[in-house]
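Written out below as structure tokens is the structure these notes cover.
Atoms within a ligand are numbered from 1 in the order they appear, just like the ligands themselves.
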Amino acid sequence: VAHEQLPADLHVEIVDWIDQLPWMNPDLEDDLPEAVIRWRELVREADALIIGLPEYNYGPSPLAKNAIDWITRPPHDRVITGKVIAFMSSAGRSGGANAQQGLSAFLPFLGAVVVTEPPVQFASIAEHLDADGHSTDAAIEASVTEAVASKLAAVVHALEQRDAPT
Ligand SMILES: Cc1cc2nc3c(=O)[nH]c(=O)nc-3n(C[C@H](O)[C@H](O)[C@H](O)COP(=O)(O)O)c2cc1C
């Protein structure tokens, strides 16, 4: 439901096929799979990535880590470098805080700008959502709307700072 809250003048690509990426394996780099080429080109053209993810065992889901690993290669042409990255997670009791921290710990080393504030971490709401991510609980819908708006404002602010003349 989160992407429905984004303003119409923003060009948004929803990447809901991240599970089509093969597991990171440098042996595949000589003949890159089509999904990897597509993913890298989308990121290359993007200003910012808003990554929605769950938390698995106090860390990011392997699909999220895998998708990130693919855009950190090759080292001389990392498409992740310079991107503004924000997370939104839905998980169990943690809300995904550990998953976000795990990724935030290394992304700056790759030249990405991580927007940590305001944190968007939904704890134990999965059972209140339908398959499309909608909820009949008005309070949940309202808090997702508010969270997306404030996160987006922070991302836009980070982009302005990144692009401001020094
Ligand atoms: C293997 C596994 C480990 C998980 N570990 C955590 C965890 O450490 N912390 C947490 O808050 N939620 C954890 N969860 C819950 C998930 O983050 C998520 O809320 C749950 O799988 C519902 O996902 P859904 O929204 O895709 O239905 C775990 C789930 C799985 C399957």
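Geometric assessment of Lys65 against the ring of Phe106 yields a positive cation-pi assignment under the 6.0 Å and 45° thresholds. Geometrically, Arg44 does not engage Trp39 in a cation-pi contact, judged by NZ or CZ lying under 6.0 Å from the ring centre and within 45° of the ring axis.
Using modelled atom types, one side-chain atom of Asn66 and one backbone atom of Met24 make a donor-acceptor pair closer than 3.5 Å.
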- Item | Test side-chain contact (heavy atoms from CB on, under 4.5 Å) applied to Trp23 and Asp69, step by step | CA-CA 9 Å; Trp23 294 113; Asp69 285 342; over 6 Å; no
- Given Leu110 and Ile71, is the side-chain contact (heavy atoms from CB on, under 4.5 Å) satisfied, shown in steps? CA-CA 10 Å; Leu110 300 163; Ile71 52 175; over 6 Å; no
Under 3.5 Å: N or O atoms of ligand 1 paired with protein N or O:
unit_1, atom_1, unit_2, atom_2, d
ligand 1, 5 (N), Glu55, O, 3.4
ligand 1, 5 (N), Asn57, N, 2.7
ligand 1, 8 (O), Glu55, OE2, 3.3
ligand 1, 8 (O), Asn57, N, 3.2
ligand 1, 8 (O), Tyr58, N, 2.8
ligand 1, 9 (N), Glu55, OE2, 3.0
ligand 1, 11 (O), Gly92, N, 2.9
ligand 1, 11 (O), Arg93, N, 3.4
ligand 1, 11 (O), Ser94, N, 3.1
ligand 1, 11 (O), Ser94, OG, 2.9
ligand 1, 12 (N), Gly92, N, 3.0
ligand 1, 14 (N), Glu55, O, 3.1
ligand 1, 17 (O), Glu55, N, 3.2
ligand 1, 17 (O), Glu55, O, 2.6
ligand 1, 19 (O), Gly92, N, 3.4

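Minimum heavy-atom separation, Thr72 to Arg78: O-NE, 2.9 Å.
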